[in-house]
Amino acid sequence: MAGLGQRLELRQGQGLVITPQLQQAIKLLQLSNLELDAFVEAELERNPLLAREDGEPGETPDAPAEAAEVSDRAEMSFEDGRNAEASDAVDAGADDVYGDAAPGERTSDRMAETSQPLGDWSAVGRGGSVEGDEDLFERALKREKSLAEHLAEQASMAGFTPAEHAVALALIDGVDDGGYLRAALGEIAERLGWDHERVESVLFRCQGFEPTGVMARSVPECLSLQLRERDRFDPAMAALLDNLDLLAKRDMGALRRACGVDDEDLAEMIAELKALTPRPGAAFGGEPSQTVVPDVFVRPDPAGGWRVELNADTLPRLLVDKRYHAVVAGSAKSDQDKTFVAECAAQAAWLVKSLDQRAKTILKVASEIVRQQDAFLAFGVECLRPLNLKTVAEAIGMHESTVSRVTSNKYLATPRGVFEMKFFFTSAIASTDGAGSHSAEAVRHRIKQLVEGETAEEAVLSDDRIVEILKEAGIDIARRTVAKYREALRIPSSVERRRMLRAG
């Protein structure tokens, strides 16, 4: 039997040390400009050595200070579709968050020595806390889904082409809290470069989303959508909806004549209207609507291509008040006071530096997105390319998780409207020759077209036959994927479609 004993061993290994500063640098990336402003305000109240550049309390006009902010004219330009040189290189002190670390260098070696967290992240709201990403997940579960999020989820599964999906998202942006569409179809069509009739056809499909009656343009249209679902929309009910003003005046005689019904039928019709929901979107909660402030402006370059510029109004302008630091450091007597002043100075310098790197990272990611989707900006949604996080990350030399955080809650103001950065990322299906890829939404649209072309029982296509047709067209797709897309489009199986055609 082997004996038990104690012994000492030395082992050497490599590991990544996640300091509190690194955790908060990661969280800074995913904050929206509103959340970032709230966080900065909290830091200004907590750290006496931080001050705004515009001369808020704590800063004297002639005080020497260190500032590290992105210039008002920080920009990247694209000429003839080629990416210009990146702006400034990412500072080495934050490369672990915003880029790749230098070989043989540990994260903890290049962060500030203090381990004191930067303020209370609970004040930031949805931005997160130093407790970890689990808090973000829990808050996401507790937060009630908004109507826009609910509609966007349905749009992603509706089998739209990439162009139709882009139009659907633009329509959803124009829906108010009650569920009504307030945006003008003509304005959306002009902005996205589409025909008015095609935009209207996308709207008709979106009006089939839940809750029933959503995305209507008027109260009668909202009620008619709900009545159609109940199979209770007939000429008499249509006449009643056209004369709701008479119902409001309680002019029952005029209503009977307009609808061509007797008193009993009219009473039943009015009772049916009362059972409907005039504000279908009111059942959804979520956060109060806020005006979207773009983080990046994309403008045509007079020399050709596009010019990408940061929105200077969303960039916090912080600096470290070195004169005030010298005063409080000189008056500190106890070791505890000296430690506090040193920690405040280190944290202030680190925050100013991190905000600068955050802005530069947003600019790099936005510039690459514009380079990839320049055809969309020039010609409209029909030219929206398949794009994923990996493509952007490899192009700018960053990790996919960094790109994912940067594109969350960040908006681009373009000549075609204001879009969230994630809007430009669409899934793709590889081509058979390996030379390119096809958007998943475009493949679903192709499947739908093939099924709609079935005019006779013998022309019904099985899933295997659809796979063959798509591969002949250069689309490499599996049978189970075709079945999944067909079910998402609510298309019956080939057997059921054959029976339907047989039955006439």
Side-chain angles (χ1 to χ4, degrees), residues 144-155 157-158 160 164 167-191 194-291 490:
E144 192 173 356
K145 184 184 298 183
S146 67
L147 176 62
E149 292 171 340
H150 181 64
L151 295 176
E153 288 179 358
Q154 297 180 75
M157 299 184 293
F160 287 129
E164 291 171 341
V167 173
L169 293 180
L171 292 170
I172 291 172
D173 286 341
V175 176
D176 64 10
D177 294 337
Y180 286 89
L181 178 65
R182 300 305 183 188
L185 298 188
E187 186 272 334
I188 293 177
E190 181 180 359
R191 178 160 57 90
W194 249 36
D195 297 333
H196 185 279
E197 293 76 13
R198 300 174 73 183
V199 174
E200 194 168 24
S201 67
V202 173
L203 173 61
F204 289 155
R205 293 174 62 182
C206 291
Q207 287 178 342
F209 293 168
E210 293 292 336
T212 305
V214 75
M215 301 186 73
R217 290 162 287 184
S218 63
V219 173
E221 186 178 25
C222 175
L223 300 179
S224 67
L225 291 172
Q226 299 177 56
L227 289 169
R228 291 177 191 277
E229 184 189 50
R230 302 183 181 193
D231 199 20
R232 292 293 298 135
F233 188 77
D234 52 27
M237 189 64 77
L240 177 59
L241 294 179
D242 291 337
N243 294 275
L244 290 179
D245 56 332
L246 297 178
L247 180 60
K249 297 176 184 178
R250 297 187 178 275
D251 189 348
M252 300 304 173
L255 272 180
R256 285 195 303 272
R257 291 190 295 272
C259 299
V261 296
D262 55 22
D263 290 339
E264 183 178 356
D265 290 337
L266 181 61
E268 291 180 358
M269 293 165 61
I270 295 175
E272 289 182 21
L273 284 187
K274 291 181 178 180
L276 303 178
T277 305
R279 287 175 53 85
F284 288 81
E287 299 177 356
S289 298
Q290 296 177 328
T291 302
R490 299 181 180 179

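The residues of the chain are indexed from 1 along the displayed sequence. Keep in mind the model is a prediction, meaning the values are calculated, not measured.
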- Where Ala216 and Leu225 come nearest, the two heavy atoms and their spacing: CB-CD1, 4.1 Å
- Query: When rounded to the nearest 0.5 angstrom, what is the spacing between CG in Leu227 and CE in Met237?
  - Reply: 5.0 Å
- Query: If you look only at pairs with a residue in residues 205-214, which of them pass as a side chain to side chain donor-acceptor pair (under 3.5 Å), with sequence neighbours excluded?
  - Reply: Glu164-Arg205, Gln207-Glu221, Thr212-Glu229
- Message: Take a 6.0 Å sphere around CG of Asp195 and say whether it holds more than 12 heavy atoms from other residues, nucleotides or ligands.
- Response: yes
- Take Tyr180 and Val214, measure what side chain to side chain contact (heavy atoms under 4.5 Å, CB included) needs, and give me the verdict at the end. CA-CA 6 Å; Tyr180 286 89; Val214 75; over 6 Å; no
- Message: Please evaluate residues Ile188 and His196 with respect to the criterion side chain to side chain contact (heavy atoms under 4.5 Å, CB included), reporting the C-alpha separation (whole Å), side-chain torsions for both, the decisive distance (0.1 Å), and the verdict.
- Response: CA-CA 8 Å; Ile188 293 177; His196 185 279; over 6 Å; no
- Note on the structure: CH2 (Trp194) and OG (Ser201) are apart, to the nearest 0.5 Å, by 6.0 Å
- Ser146 side chain vs Glu149 backbone, donor-acceptor pair below 3.5 Å: yes
- With Asp263, which residues qualify under salt bridge (charged side-chain N to carboxylate O under 4.0 Å, His left out), at least two apart? Arg256
- Task: Identify the two heavy atoms, one from Leu147 and one from Asp177, that lie closest to each other, and give their separation to 0.1 Å.
- Result: CD2-O, 4.3 Å
- Message: With a sphere of 6.0 Å drawn around CD of Glu190, does it hold more than 12 non-hydrogen atoms of other residues, nucleotides or ligands?
- Response: no
- Could you walk me through whether Leu276 and Leu273 pass the side chain to side chain contact (heavy atoms under 4.5 Å, CB included) test, one step at a time? CA-CA 5 Å; Leu276 303 178; Leu273 284 187; 3.9 Å; yes
- Query: Hey, does the side chain of Asp176 reach the backbone of Gly179 with a donor-acceptor pair shorter than 3.5 angstrom?
  - Reply: yes
- Item | Summary of side chain to side chain donor-acceptor pair (under 3.5 Å) pairs that have at least one residue in residues 232-247, sequence neighbours excluded | Arg232-Glu272
- Task: Compare every heavy atom of Cys222 with every heavy atom of Thr277, then report the nearest pair and how far apart it is.
- Result: O-SG, 3.8 Å
- Evaluate side chain to side chain contact (heavy atoms under 4.5 Å, CB included) for Phe160 paired with Val167, printing each intermediate quantity in order. CA-CA 10 Å; Phe160 287 129; Val167 173; over 6 Å; no
- Note on the structure: The reported gap from CE in Met215 to CG in Leu151 (rounded to nearest 0.5 angstrom) is 6.5 Å
- Rounded to the nearest 0.5 Å, what separation is found between the CD atom of Gln226 and the CZ atom of Phe233? 12.5 Å
- Query: Do you know the tightest heavy-atom contact between Met269 and Cys259?
  - Reply: CE-SG, 4.2 Å
- Nearest heavy atoms of Leu244 and Pro220, plus distance in Å: CD1-CG, 3.9 Å
- Query: Do other residues, nucleotides or ligands put more than 12 heavy atoms under 6.0 Å from the CZ atom of Arg182?
  - Reply: yes
- How far apart are the closest heavy atoms of Leu266 and Leu255, and which atoms are they? CD2-CB, 4.1 Å
